[in-house]
Amino acid sequence: MHEGVYREFEETIAAGERIEPRDAMPPEYRATLIRQIAQHAHSEIIGMQPEANWITRAPSLRRKAILIAKVQDEAGHGLYLYGAAETLGARRDELLDRLHAGRQKYSSIFNYPTLTWADVGAIGWLVDGAAIVNQVPLCRCSYGPYARAMTRICKEESFHQRQGYELLLALSHGTEEQHEMAQDAVNRWWWPSLMMFGPPDGESPRTERSMAWKIKRHTNDELRQRFVDIVVPQAASLGLTLPDPLLRWNEERGHHDFGPIDWAEFHAVLRGEGPCNAQRLGQRRRAHEEGAWVREAAAAYAARHAARPAGRAA
Amino acid sequence: MSGAADVPGGADRVPGGTDWPLWEVFVRPRRGLAHTHAGSLHAPDAELALRNARDLYTRRGEGVSIWVVPATEILASSPEERDPFFAPAADKPYRHPTFYEVPEGVRSL
Ligand SMILES: [Fe+2]
Ligand SMILES: [Fe+2]
């Protein structure tokens, strides 16, 4: 059935060119993208919460300004991605409804708590670091608007990772107590960061089709390995260790070996049993409801002034 | 032809409904360059669309001028008519300088 209608789509994908919004595309391609982009957008805006938790308690004005800028960037990333999903015919308000009803997911990493100031550093270094490894290949994704949004996002992410690294470096070289705080944060965020790449290749049912459509360019395990190989020497430069006794360089493979990941924990958090699932979703719903009067007032103001002409293009 | 480039269903949006209308954003990166499409955003009116566009697309000095256009106001050529629509250009190679033979040694031509 697809052969005739979607021949041009298949040819475009095969030629390594981009699909654009108004091209004919198989409904499953559209649905897969909407689900993936929405989940990605939700992760960006829910991801604001764990770090925003520390804005009022940042230890200096410099750190506070940096953290505000980073959290604001994450809001921007969410908006770029909702915008990309809308080019596929999704509606932003419907996507938000689905998030609020728990019918669409966000990255399980954000269901862990930020217990100390060092967590802000560990998130920047490890969580944003893992996100970058995941996202860089998406800049070449077959769907044009998603690829363009990712290009913009990746440019902004590098500051996120660096500020986290720098924060941990300062703590690691600080007092003994500060060093311990940094190490403790890394210990807690390490395994959840590795889980961010998703289930192992054998248990990731959608990977094959997404790779055929060039939405995905690498498997979960390939990206996870890439992340581990990048991060191990960075940890050494921080003077911190990674909490895995099996972590070692494998000369033969040319990669680091690492210990088994607790997938039972991953699935439990995904099911809603993580330490902060209820808190994150509750906060998101509350923010949305409490902002309703602003949206209504702005719409009422716009309706009243609709007749007034806007500035001319120049 | 149809309206609302890149926005299937864009034309049926109800302004002032549960979601604000969609605007397309164009940014001039620096003087001497044309505005290019940066993305889209929701805003209740043109003035707020402009402010939101500044916050969303120029947080790092990416622009010196912004245009915002209601998505429903954009008329786009349709992908299905692409071949006949752009066909008139395909059989006119004489519009390109490489079509012409010039003897060797002739310069500045
Ligand atoms: Fe982000
Ligand atoms: Fe980030």
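First the proteins, then the strands, lettered A, B, ... as listed; each starts at 1. Just so you know, these numbers come straight off a predicted model, no measurement behind them.
No salt bridge links A/E156 with A/K70; every basic N to acidic carboxylate O contact stays at or beyond 4.0 Å.
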Could you list the donor-acceptor pairs under 3.5 angstrom formed between side-chain atoms of residues 101-109 of chain B and any protein atom two or more places apart in sequence or on another chain?
none

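Residues A/V120 and A/T114 form no side-chain contact, since every pair of their non-hydrogen atoms from C-beta on lies 4.5 Å or further apart. The side-chain heavy atoms of A/Y143 and A/R18, taken from C-beta on, include no pair separated by under 4.5 Å.
Proximity to chain A (any heavy atom under 4.5 Å) is shown, for B/A43, by neither the backbone nor the side chain. Proximity to chain A (any heavy atom under 4.5 Å) is shown, for B/L41, by neither the backbone nor the side chain. Heavy-atom distances place no part of A/E94 under 4.5 Å from chain B, backbone and side chain included.
Atoms CZ and OG1, from A/R30 and A/T87 in turn, are 8.5 Å apart once rounded to the nearest 0.5 Å.
A/Y106 and A/H40 share no donor-acceptor pair across their side chains, judged by distance under 3.5 Å alone.
Listed in order of number, the residues of residues 72-82 of chain A that approach chain B to under 4.5 Å between heavy atoms are A/Q72, A/D73, A/G76, A/L79, A/Y80.
A tilted orientation is assigned to the rings of B/F26 and B/W67, their planes being inclined by 30° to 60°.
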